[in-house]
Amino acid sequence: MTAIEDRPSPADQTMIVDALVVGAGFGGMYAIHRLRGMGLSIIGVEAGGDVGGVWYWNRYPGARCDLMCVDYSYGFSDEIQQEWTWSEQFAAQPEILAYANFVADKLDLRKHFHFDTRVDSATWDEAAGRWIATTDRGHRIEATYCVMATGPLSIPKDPEFPGLADFKGELLRAAKWPHEPVSFKGKRVGLVGTGSTGIQIVPVVADEAAELHVFQRTPSFTMPMRNSRLEPDYVAELKRNYQAIRAVARASHLGGVRPVTSRPFFSITPSQRQRVMEDAWSRSGLDFLGMFSDLLTNPEANEQVAEFVRRKIGETVNDPITAEKLKPRGYPIFARRPCLDTNYYETFNLPHVHLQDCLEHPIERVTEKGILTTAGEVELDTLILATGYDGLSGALMAFEVKGRDGHNVREKWAGGARSYLGLMMHGFPNLFMVCGPNGPAALANIVTLDEQNVNWICDLIDHMREHGIGTVEPTLEAEDAWMEQVFALAELTLVSKANTWYTGTNVDGKPRGLIMYTGGFFRYNETCTAVAQSGYSTLTFGRELASAR
């Protein structure tokens, strides 16, 4: 793809700019757009070959967003909203990637990015008052401001099985899917991982494969998506009302317009509750997620809703033994990422689809021919890994980031990610995070959050430049107080009670704990706004602004 204008020659690999943006997902694209609009010189660096972030990499069969397109799209440009037309309520990966490309073309963003390039290190130079970044292509980038738009899910995680390199068949990773078509016709396929990705893959691969073996350790709760095409009349209504819809989203707990209610579970009678659940299930899993207000705070209510879903699994899956193994137990419903599916449970009624229960028969190793469990070897032609990510903090710990006095992010986060508002860190001047691990992150509509984060960062940079200020970072007291609030809120929600990437338990050796802000998008945005309105009283400003040129 095209890269940044005026790419340096091999003899001159140093570039000096006002701002470096790492990542070309929705957060990084918007950051480039806003910073450029402020008149700053900018460079973007992206590991992929084009824009799109996670949707550039995740091309696996069935890949689809489980947020409605009205939420999973930009709201900052009415021109983009009016010119782009979504075809489905829940968009598939090709359409989302096409949308990202449309925005990049519309705003002429690609010329600012180095694609197929990874940042190896980013180090704060106290004397120069700049970040010094190096890349795997030998570039040295000096920038006054460094914006990490690396996303919460960008570092794939392989399973901890011995022998993975021994497999002689076709090995596919959902998070780094080939760009060319993959055929499963006549093949024995194995899938490891039954989170949201695996749940999307299973029905699609089952349509083509001769045999499909689904290796499941922890079953997930998943509800029917019931996707639909968007009729022209509705699209016209949507475009007429975008402004009001975005305003409602920004004032909501989730940063989106997913159906929600203020009704607690036990506020209505048992028969009424049953009717509510049946109705929501028949309409879509999206409605099911928002039918009661206290499902993540009231364990008894949570368990009753979980049991309703277990009954639905039993009604859908013909074989009672398989159905029982597919029923999640031992953790609250919605404490793991809630999934929306298309005929996931129905797929297990097909004679060539086999559930391999890895709790009953754990995987011992990968062999040349397939997977060996305690029950024996399953021979495979193709093995698909849908084993998730080192989420939230993994991306910023994947390369060397050193702040003041040589302090390293890996050291700072050794006991778990710590930051202020999920946006900045004490000891790391002029380093900003978009959708950082200590904000609402995966618990809010990520595009709305990306826009809010970028706007706050850009407003702060504008404030600094207006006053001739060279550096900014949060005080240690402010960072500590924010993390105390994050941890206190985490104790009030059942989200902290499950072993998930939300809590870091999917990565061996990673500190366990819910590090996301669970107070909701609206309260988070109010807090960020209050900081700005106070004149950024929780931040420390230093030195005069130096020119980037």
Side-chain angles (χ1 to χ4, degrees), residues 54-55 57-66 69 87-98 167 169-217 219-230 281 284-286 312-319 321-323 325-327 337 339-358 369-371 378-388:
V54 69
W55 299 105
W57 299 105
N58 281 224
R59 300 164 184 255
Y60 60 81
R64 184 179 298 277
C65 188
D66 52 13
C69 61
S87 68
E88 297 179 283
Q89 186 175 41
F90 298 93
Q93 180 272 339
E95 188 170 21
I96 298 171
L97 187 58
F167 182 59
E170 183 180 37
L171 181 64
L172 300 170
R173 292 172 172 83
K176 296 288 179 71
W177 199 264
H179 289 205
E180 61 276 5
V182 176
S183 174
F184 302 102
K185 187 174 182 180
K187 294 181 179 179
R188 301 164 299 176
V189 181
L191 170 75
V192 179
T194 53
S196 57
T197 297
I199 284 170
Q200 290 183 339
I201 291 173
V202 163
V204 180
V205 173
D207 280 344
E208 188 178 354
E211 281 190 281
L212 174 61
H213 295 267
V214 180
F215 294 84
Q216 171 193 274
R217 184 174 60 182
S220 297
F221 285 101
T222 179
M223 284 70 65
M225 177 177 281
R226 307 200 196 283
N227 195 18
S228 61
R229 303 287 297 181
L230 300 184
W281 186 270
S284 92
L286 199 68
K312 287 296 182 183
I313 297 171
E315 293 169 6
T316 304
V317 180
N318 296 335
D319 177 51
I321 296 176
T322 301
K325 291 178 178 181
L326 287 166
K327 294 177 182 178
R337 178 181 173 88
C339 305
L340 302 183
D341 72 85
T342 301
N343 298 324
Y344 176 69
Y345 293 121
E346 290 85 347
T347 301
F348 289 94
N349 292 330
L350 300 174
H352 66 290
V353 177
H354 316 286
L355 181 65
Q356 303 289 342
D357 185 352
C358 297
K369 296 181 178 180
I371 290 181
V378 179
E379 294 190 1
L380 304 169
D381 301 304
T382 301
L383 175 58
I384 301 173
L385 302 180
T387 45

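Keep in mind that this is a model prediction, so the values were computed, not measured. Along the sequence shown, the residues carry numbers beginning at 1.
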Which donor-acceptor pairs under 3.5 Å do the side chains of residues 180-191 make with protein atoms, sequence neighbours left out?
residue: S183; atom: OG; partner: K185; partner atom: N; Å: 3.3
residue: S183; atom: OG; partner: E208; partner atom: OE2; Å: 3.2
residue: K187; atom: NZ; partner: E170; partner atom: OE1; Å: 3.4
residue: K187; atom: NZ; partner: S183; partner atom: O; Å: 3.0
residue: R188; atom: NE; partner: D381; partner atom: OD2; Å: 3.1
residue: R188; atom: NH1; partner: E379; partner atom: OE1; Å: 3.4
residue: R188; atom: NH2; partner: D381; partner atom: OD1; Å: 3.0

Under 3.5 Å: donor-acceptor pair, side chain of [X], backbone of [Y]:
{"X": "Q216", "Y": "L355", "value": "no"}
{"X": "N349", "Y": "T316", "value": "yes"}
{"X": "E211", "Y": "H352", "value": "no"}
{"X": "R226", "Y": "W281", "value": "yes"}
{"X": "R64", "Y": "Q200", "value": "no"}
{"X": "T194", "Y": "P219", "value": "no"}

[Y] and [X], any side-chain heavy atoms less than 4.5 Å apart:
{"X": "D66", "Y": "R337", "result": "yes"}
{"X": "T322", "Y": "Y345", "result": "no"}
{"X": "H354", "Y": "V378", "result": "no"}
{"X": "P61", "Y": "V205", "result": "yes"}
{"X": "L172", "Y": "Y60", "result": "no"}
{"X": "R229", "Y": "S87", "result": "yes"}

[atom1]/[X] to [atom2]/[Y] distance, rounded to the nearest 0.5 angstrom?
{"X": "T197", "Y": "I384", "atom1": "OG1", "atom2": "CD1", "value": "11.5 Å"}
{"X": "F215", "Y": "L383", "atom1": "CZ", "atom2": "CG", "value": "7.5 Å"}
{"X": "C65", "Y": "M225", "atom1": "SG", "atom2": "CE", "value": "8.0 Å"}
{"X": "T222", "Y": "L326", "atom1": "OG1", "atom2": "CG", "value": "11.0 Å"}
{"X": "W57", "Y": "L97", "atom1": "CH2", "atom2": "CG", "value": "12.0 Å"}
{"X": "I199", "Y": "N343", "atom1": "CD1", "atom2": "CG", "value": "13.0 Å"}

For atom NZ of K312, decide whether the heavy atoms of other residues, nucleotides or ligands shown that lie under 6.0 angstrom number more than 12.
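Yes, because the 6.0 Å sphere around NZ of K312 holds more than 12 heavy atoms from other groups.
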Please report the shortest heavy-atom distance between [X] and [Y], naming the atom on each side.
{"X": "A386", "Y": "I201", "answer": "CB-CD1, 4.4 Å"}
{"X": "G195", "Y": "S220", "answer": "CA-OG, 3.8 Å"}
{"X": "A63", "Y": "N58", "answer": "CB-O, 3.7 Å"}
{"X": "I96", "Y": "A91", "answer": "CD1-O, 3.6 Å"}

CA sep, side-chain torsions, deciding dist, call: Q356, I371, side chain to side chain contact (heavy atoms under 4.5 Å, CB included)
CA-CA 11 Å; Q356 303 289 342; I371 290 181; over 6 Å; no
Could you pull out all residues at least two apart from Y344 that satisfy ring-ring contact (aromatic ring centres under 6.0 Å, His included)?
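ring-ring contact (aromatic ring centres under 6.0 Å, His included) list for Y344, sorted by chain: F348.
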Of all pairs that satisfy salt bridge (Lys or Arg N to Asp or Glu O under 4.0 Å), the ones with a partner from residues 341-354, not counting sequence neighbours
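The answer is none; no pair qualifies.
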